[in-house]
Amino acid sequence: MTPRALLSRLRLAPLLHDGHHLRRLVSAAAASPPDEAPPGAPPPPPSNSRLFVAGLSWSVDERSLTDAFSTFGTVTEVRIIYDKNSGRPRGFGFVHFSNDHEAKCAKDAMDGKVMLGRPLRISFALEKVRGAPVIVPRLSTVK
DNA sequence: GTTGAGCGTT
């Protein structure tokens, strides 16, 4: 009995014929670069076109926020965060701009400005948003 | 009818 016939009897032949599976896995692993930043690298910058706006008065709504920020660029989305259970505003929100330049201008201009009696605290948003493009900071991206 | 640092309700 040939070795091949023996493999057939053991039902191992399909596995050997399916070598492309293994090849796909190997090439995929080789194609994806390591996402581990080298030690000593600067921390990845937060997202640039979305602003985290804190220090909001309880009575500020999306309309007034949009009005306040749209003078610096195109506001694509404004979101004020409310408590899931109580429904009360949590006093912060997010302002999305169409590009990062507008966001930076708005941040520089509005950070620290008082709105309805309370000073705004603005910084760039951290977490990505559902549906937004996933931006993985790489060394070539950092200037 | 209140409160005050923070990173997002589907």
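Residue numbers begin at 1 in each chain, while the letters A, B, ... track the order of the sequences. Since the structure is predicted, the reported quantities are computational estimates derived from the model, not experimental observations.
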Novice: Can you measure A/D83 atom CG to B/dT9 atom P for me and round it to whole angstrom units?
Specialist: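 Going from CG in A/D83 over to P in B/dT9 covers 9 Å.
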Novice: When you compare the side chain of A/L56 with that of A/L65, does any pair of heavy atoms fall below 4.5 Å?
Specialist: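 Yes - at least one pair of side-chain heavy atoms lies under 4.5 Å apart.
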Novice: Select base, sugar-phosphate, or nothing to describe what A/L51 touches, counting heavy atoms under 4.0 Å on all strands.
Specialist: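 Answer is nothing: A/L51 stays at 4.0 Å or more from every strand.
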Novice: Let me spell it out: for each of A/R88 and A/I81, pick the nucleotide of DNA chain B with the closest heavy atom. Which residue's pick is nearer the 5' end?
Specialist: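 Result of the comparison: A/R88.
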Novice: Nearest-nucleotide wise, let me know which of A/E62 and A/L56 is further upstream toward the 5' end of DNA chain B.
Specialist: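 Upstream on the strand: A/L56.
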Novice: Is the ring centre of A/F94 under 5.5 Å from the base ring centre of B/dG8, and are the two planes under 30° apart, so that they stack?
Specialist: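 Yes, aromatic ring over the base.
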Novice: Using atom CZ of A/R121 as one end and atom P of B/dA5 as the other, report the distance to the nearest whole Å.
Specialist: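 So the CZ-P distance, A/R121 to B/dA5, works out to 8 Å.
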Novice: Whole angstroms only, please: what is the CG-P distance between A/L116 and B/dG4?
Specialist: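 Taking CG of A/L116 and P of B/dG4, I get 19 Å after rounding.
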Novice: Taking salt bridge (Lys or Arg N to Asp or Glu O under 4.0 Å) as the cut-off, I'd like each qualifying pair that reaches into residues 58-72 of chain A, sequence neighbours left out, listed once.
Specialist: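 The answer is A/R63-A/D67.
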Novice: Please state how far atom CZ in A/R50 lies from atom P in B/dG6, giving the value in whole angstrom units.
Specialist: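 In whole Å, B/dG6 P lies 20 Å from A/R50 CZ.
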Novice: Calculate, to the nearest 0.5 Å, the distance between atoms CG and CH2 belonging to A/L116 and A/W58 respectively.
Specialist: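 Here the rounded value is 13.0 Å.
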Novice: When rounded to the nearest 0.5 angstrom, what is the spacing between CZ in A/F97 and CZ in A/R50?
Specialist: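 If we round to the nearest 0.5 Å, A/F97:CZ and A/R50:CZ are 13.0 Å apart.
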Novice: Expressed as a whole number of angstroms, how long is the span from A/R118:CZ to B/dA5:P?
Specialist: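 After rounding, the reported distance stands at 8 Å.
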Novice: Regarding B/dG8, can its base be found pairing with the side chain of A/R90 as donor and acceptor, where the two atoms are less than 3.5 Å apart?
Specialist: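 Not at all, since no donor on one side and acceptor on the other fall under 3.5 Å apart.
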Novice: If you measure from the ring centre of A/W58 to the centre of the six-membered ring in the base of B/dG4, is it under 5.5 Å, with the planes under 30° apart?
Specialist: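 Yes; by the centre-distance and plane-angle rule, A/W58 counts as stacking on B/dG4.
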Novice: Any idea which of B/dG6, B/dT10, B/dT9 is nearest the A/Y82 side chain?
Specialist: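 Side chain of A/Y82 sits closest to B/dT9.
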Novice: Holding to ring-ring contact (aromatic ring centres under 6.0 Å, His included), I want the full list of residues that pass it with A/F52, two or more places apart in sequence or in another chain.
Specialist: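 Listed in chain order: A/F92, A/F94.
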Novice: Select base, sugar-phosphate, or nothing to describe what A/G55 touches, counting heavy atoms under 4.0 Å on all strands.
Specialist: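 It contacts base atoms.
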Novice: Need one value for A/S57: base, sugar-phosphate or nothing, where a base atom within 4.0 Å counts as base even if backbone is also close, heavy atoms only.
Specialist: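 Contact class for A/S57: base.
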